[in-house]
Asks: 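Just passing along the structure, written as structure tokens.
Just so you know, these numbers come straight off a predicted model, no measurement behind them.
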Amino acid sequence: MTACSIMLSLMTGCSDAPKGYKTTGNGLYYHFHEKNAGELPQVGDLVEVTLSCTVNDTTPIIPATKNILMMSEPSFATDFMEGLAMMHKGDSASFIVNIDSTFKYLFRVPELPAEFNSTDVMRFDVKVNDFYPESEYMNKMIEAIKTNYPEETERAYAEMQQYFAINNIVATPTASGLYYVMTQEGNGEMPAKGDNVKVHYTGKLLNGKVFDSSIERGEPIEVPIGMGYVIPGWDEGIMMMSKGEKGVLYIPYYLGYGDRGAGADIPPFANLIFEVELIDF
């Protein structure tokens with residue numbers, strides 16, 4: 001079958017699929033190279049994929065790369081999301097899609113680029129490596145960092161314990177490894193995920209060097225909490241506090257800026273201390 005006839009059948013809804021392919025009711029052509037059993041991703045899940053996209057088997061639109069996609073309902077006929085919803089962990093498949101619709105609705109390009117025609121064949125090749133609810137994403141990233149840097153993780157833990165011992169600090173870690181010590185009680189009202197919190201803070205390294213302070217600037221920070229807008233240690237720690245409460249967050253490097261650090265003042269693998277006050281939310 002020629003490229004022209006393939007795309008004509010896509011646009012007309014013809015059920016005559018290319019050799020080796022099947023067709024969904026919405027006109028998406030699909031062919032599984034590897035098919036497993038088990039659960040399927042649900043809308044809202046994060047799906048780790050290795051994905052590429054080509055036109056006419058010659059022009060790469062997306063090179064083979066690992067991506068994390070949020071599973072959603074198909075937004076147009078031949079949206080490859082319909083195919084992704086049929087894939088189990090470990091599956092690999094190819095999807096032939098409508099090139100006009102894909103550029104317009106998926107890539108947000110209003111007009112088909114001049115180098116392509118509506119009769120060109122656009123194909124996505126996809127392998128599902130894993131999928132999980134969005135709420136598990138940060139835990140997976142944290143565990144990956146700790147696994148990739150076992151020596152740094154051990155060193156960071158030892159440094160934190162030494163700091164506690166020298167400064168006579170008694171603190172119990174949460175499941176993630178975050179430590180929190182309250183210094184002033186609040187009113188008991190605690191923020192929920194997504195609330196916009198107003199926080200005063202001073203951030204420093206274990207050696208006492210201050211790298212940032214809203215108090216010195218004279219203006220508290222305002223940010224949605226629990227949504228990934230701040231480091232994981234903040235997302236977890238601030239949600240443990242109530243309005244008016246003051247305390248100290250002791251944040252291991254993997255809940256802070258990880259293996260990259262931040263700017264000139266926070267080196268990679270640095271444990272952090274934040275003196276915080278939850279003013280309002």
Side-chain angles (χ1 to χ4, degrees), residues 41-48 67-73 75 81 106 108 130-146 171 173-205 210-263 265-266 268-281:
Q42 304 299 308
V43 171
D45 283 353
L46 296 179
V47 187
E48 294 183 3
N67 292 274
I68 298 178
L69 308 176
M70 177 171 283
M71 192 68 209
S72 64
E73 296 285 357
S75 58
M81 275 290 174
L106 183 62
R108 304 298 181 184
D130 199 3
F131 60 85
Y132 39 82
E134 183 183 9
S135 59
E136 295 182 13
Y137 173 74
M138 189 53 66
N139 288 336
K140 285 183 173 290
M141 296 301 100
I142 290 169
E143 287 306 313
I145 293 175
K146 293 166 66 176
T174 66
S176 71
L178 174 72
Y179 295 85
Y180 174 64
V181 176
M182 181 195 299
T183 58
Q184 174 181 298
E185 290 189 3
N187 68 359
E189 185 181 355
M190 304 176 74
K193 180 178 179 179
D195 282 349
N196 200 51
V197 297
K198 182 183 291 187
V199 180
H200 254 319
Y201 68 92
T202 295
K204 54 188 178 181
L205 305 178
V210 174
F211 55 80
D212 193 13
S213 175
S214 67
I215 296 174
E216 291 181 4
R217 291 195 302 273
E219 184 176 358
I221 188 175
E222 293 189 44
V223 65
I225 202 67
M227 304 293 288
Y229 287 91
V230 292
I231 58 175
W234 260 57
D235 266 341
E236 180 182 356
I238 299 301
M239 291 184 67
M240 295 166 57
M241 302 175 67
S242 64
K243 186 182 295 186
E245 187 171 326
K246 294 182 180 180
V248 184
L249 296 171
Y250 299 94
I251 301 177
Y253 83 90
Y254 54 84
L255 296 178
Y257 295 98
D259 59 326
R260 300 181 307 277
D265 294 326
I266 304 177
F269 306 107
N271 294 324
L272 308 174
I273 300 173
F274 280 95
E275 298 170 356
V276 291
E277 176 187 3
L278 179 55
I279 299 172
D280 201 0
F281 59 87

Asks: On a heavy-atom basis, which atom in Asp235 and which in Tyr229 lie closest, and how many Å separate them?
Replies: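 Closest approach of Asp235 to Tyr229: OD2-N, 4.4 Å.
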Asks: So Leu205 and Ile273, do their side chains get closer than 4.5 Å, heavy atoms only?
Replies: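 Sidechains of Leu205 and Ile273: no contact.
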Asks: Considering only heavy atoms from C-beta outward, does the side chain of Leu46 approach that of Phe131 to under 4.5 Å?
Replies: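 A side-chain contact is absent here, since even the closest heavy-atom pair is not under 4.5 Å.
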Asks: Report the residues that fulfil side chain to side chain donor-acceptor pair (under 3.5 Å) with Tyr137, sequence neighbours left out, ordered by chain and then residue number.
Replies: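 Scan of Tyr137 (side chain to side chain donor-acceptor pair (under 3.5 Å), adjacent residues dropped) gives none.
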Asks: Let me have the donor-acceptor pairs involving side chains of residues 274-281, under 3.5 Å, with sequence neighbours excluded, atom names and distances please.
Replies:
residue: Glu275; atom: OE2; partner: Lys204; partner atom: NZ; Å: 3.1
residue: Asp280; atom: OD1; partner: Lys243; partner atom: NZ; Å: 3.1

Asks: List the residues meeting side chain to side chain donor-acceptor pair (under 3.5 Å) with Ser72, not counting sequence neighbours, and say none if there are none.
Replies: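 Listed in chain order: nothing, the list is empty.
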Asks: Do Ile145 and Tyr253 come within less than 4.5 Å of each other through their side chains, counting heavy atoms only?
Replies: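 Touching, per the 4.5 Å side-chain cut-off.
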Asks: Report the residues that fulfil side chain to side chain donor-acceptor pair (under 3.5 Å) with Ser176, sequence neighbours left out, ordered by chain and then residue number.
Replies: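 Once residues adjacent in sequence are excluded, the partners of Ser176 under the side chain to side chain donor-acceptor pair (under 3.5 Å) criterion are Thr174, Glu236.
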Asks: Suppose we screen for side chain to side chain donor-acceptor pair (under 3.5 Å). Which residues come up paired with Asp195, at least two apart in sequence or across chains?
Replies: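 None.
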Asks: Restricting to non-hydrogen atoms, name the atom on Leu249 and the atom on Gly237 that form the minimum distance, rounded to 0.1 Å.
Replies: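 Scanning both residues, the minimum pair turns out to be CD2-CA, 3.7 Å.
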Asks: Taking Glu216's backbone N and O only, do any of them form a donor-acceptor pair with Ser213's side chain (distance below 3.5 Å, no angle check)?
Replies: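 Yes, because the side chain of Ser213 sits within donor-acceptor range (under 3.5 Å) of the backbone of Glu216.
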Asks: Is there a side-chain contact between Arg217 and Asp212 (heavy atoms, below 4.5 Å)?
Replies: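 Counting from C-beta outward, Arg217 and Asp212 do come under 4.5 Å.
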Asks: Does the side chain of Leu255 reach to within under 4.5 Å of the side chain of Trp234, using non-hydrogen atoms?
Replies: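 Result no, sub-4.5 Å side-chain heavy-atom pair not found.
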Asks: Between Glu143 and Lys140, does any NZ, NE, NH1 or NH2 come within less than 4.0 Å of an OD or OE carboxylate oxygen?
Replies: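 The answer is no: the pair does not qualify as a salt bridge.
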Asks: Do Lys193 and Met239 touch side chain to side chain, with heavy atoms closer than 4.5 Å?
Replies: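 Heavy-atom side-chain distance check passes, below 4.5 Å.
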Asks: Does the side chain of His200 reach to within under 4.5 Å of the side chain of Ser214, using non-hydrogen atoms?
Replies: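 Heavy-atom side-chain distance check passes, below 4.5 Å.
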Asks: Within a strict 4.5 Å, meaning less than it, do heavy atoms of the Tyr201 and Ile215 side chains meet?
Replies: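 Not touching, per the 4.5 Å side-chain cut-off.
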Asks: Could you work out, with ring pair (Phe, Tyr, Trp, His ring centres under 6.0 Å) as the rule, every residue matching Tyr254, not counting sequence neighbours?
Replies: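 Residues passing ring pair (Phe, Tyr, Trp, His ring centres under 6.0 Å) with Tyr254: none at all.
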